[in-house]
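This is a predicted model, so every value here is computed, not measured.
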Amino acid sequence: KSTELLFEARNEEIDLIEIRNIIGEDALDVLIEDELEQESKESDYESYILYDQGKRYAEGVGVKQNLAKARKLFRKAAKQGNAQAQYEIGIAYIDIGYVDSKTTEKGLDWLEKAAEQGIVEAQYRLGKYYQKDIGGFCLGEPIAVGWFKKAAEQGFAEAQLELGMY
């Protein structure tokens with residue numbers, strides 16, 4: 001009954017005040033929280049589907065390889081918060097950004113978003129980029145070491161090796 005009322009509210013057949021009066025404020029809070037959680041799960045699933053389709057186009061798996069379409073799908077998924085897509089977009093920007101520091105900066109921003117969500121490859125790549133001062137970002141070694149540590153803590157062997165050099 002409560003779920004039906006919330007459905008009616010979403011379709012503007014009944015307002016939330018009426019629902020609160022019928023089922024109580026606590027029950028309404030629980031319903032709204034459940035609804036928001038469900039929307040979040042659906043968004044995560046949608047961003048995963050976009051990422052997966054992008055990967056297929058990038059690699060030519062089951063479809064004709066189309067890098068432009070892959071980047072478009074990755075960008076959509078990345079904007080929805082998909083960490084793997086953020087990593088892919090970051091790498092793409094950096095790969096074409098060697099001649100343009102603005103493009104490199106966009107790439108580093110996307111990589112950072114992915115790294116903050118725990119994508120170990122993004123953490124390691126950020127360490128490598130800052131270690132080499134790619135794109136003229138003279139932040140260098142201290143930031144590189146920080147990213148290497150995050151990747152190494154997740155067991156990423158290359159990052160552990162890099163830390164052994166400091």
Side-chain angles (χ1 to χ4, degrees), residues 6 10 29-166:
L6 195 57
R10 203 179 317 127
D29 288 345
V30 168
L31 276 178
I32 290 172
E33 206 171 287
D34 289 348
E35 184 77 10
L36 290 172
E37 186 175 317
Q38 183 62 33
E39 286 176 13
S40 175
K41 286 179 183 176
E42 289 170 9
S43 176
D44 289 348
Y45 180 71
E46 181 183 337
S47 75
Y48 172 77
I49 295 297
L50 289 168
Y51 166 75
D52 186 59
Q53 288 299 312
K55 198 76 171 156
R56 291 176 186 275
Y57 277 103
E59 297 172 356
V61 176
V63 294
K64 185 177 178 186
Q65 188 177 36
N66 184 333
L67 296 178
K69 190 164 190 166
R71 279 192 297 272
K72 185 176 181 180
L73 290 164
F74 286 148
R75 193 172 294 113
K76 277 185 176 180
K79 287 180 180 178
Q80 291 182 13
N82 183 287
Q84 280 298 143
Q86 291 169 343
Y87 172 75
E88 297 290 344
I89 287 295
I91 294 302
Y93 270 118
I94 289 170
D95 285 349
I96 63 170
Y98 284 109
V99 288
D100 177 4
S101 64
K102 276 190 174 186
T103 306
T104 300
E105 188 174 352
K106 282 183 186 179
L108 291 173
D109 287 345
W110 281 115
L111 275 183
E112 231 173 271
K113 288 177 184 182
E116 288 167 358
Q117 291 189 68
I119 301 298
V120 70
E121 294 87 354
Q123 294 166 345
Y124 175 73
R125 291 288 286 266
L126 281 168
K128 291 299 282 182
Y129 291 127
Y130 286 120
Q131 182 184 50
K132 294 178 182 176
D133 286 328
I134 299 293
F137 296 97
C138 297
L139 302 173
E141 306 245 335
I143 291 182
V145 169
W147 285 116
F148 287 143
K149 280 183 181 176
K150 288 183 183 229
E153 288 168 359
Q154 293 189 64
F156 200 71
E158 290 90 342
Q160 292 167 344
L161 181 63
E162 290 292 337
L163 286 175
M165 299 171 141
Y166 290 97

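You'll find the side chain of Lys72 stays beyond 4.5 Å of the side chain of Tyr57, heavy atoms only. Looking at heavy atoms from C-beta onward, Phe74 lies out of side-chain contact with Gln84 at the 4.5 angstrom threshold. Residues Trp147 and Glu112 have side chains in contact (heavy-atom distance under 4.5 Å, counting atoms from C-beta outward). Between Tyr87 and Glu121, some side-chain heavy-atom pair lies under the 4.5 Å cut-off. Using a 4.5 Å cut-off on side-chain heavy atoms (C-beta onward), Glu158 and Lys128 make no contact. For the pair Leu111/Tyr129, a side-chain contact is recorded, criterion being any heavy-atom separation below 4.5 Å from C-beta on.
With rounding to the nearest 0.5 angstrom, the CG atom of Leu126 is 7.0 Å from the CD1 atom of Ile94. The distance from atom CG of Leu50 to atom NZ of Lys79, rounded to the nearest 0.5 Å, is 12.0 Å. To the nearest 0.5 Å, atoms CD (Glu88) and CZ (Arg75) are separated by 12.5 Å. Atom CD of Glu46 sits about 8.5 Å away from atom NZ of Lys76, to the nearest 0.5 Å. The structure places CD1 of Ile119 at 13.5 Å from NZ of Lys150, a figure rounded to the nearest 0.5 Å. Distance check, rounded to the nearest 0.5 Å: NZ of Lys106 to OG1 of Thr104 gives 11.0 Å.
Shown here for Ala83 and Ala114, the closest heavy-atom pair between the two residues is O-CB, 3.3 Å.
No salt bridge links Lys113 with Asp109; every basic N to acidic carboxylate O contact stays at or beyond 4.0 Å.
Between the side chain of Gln86 and the backbone N or O of Trp110, no donor-acceptor pair lies under 3.5 Å.
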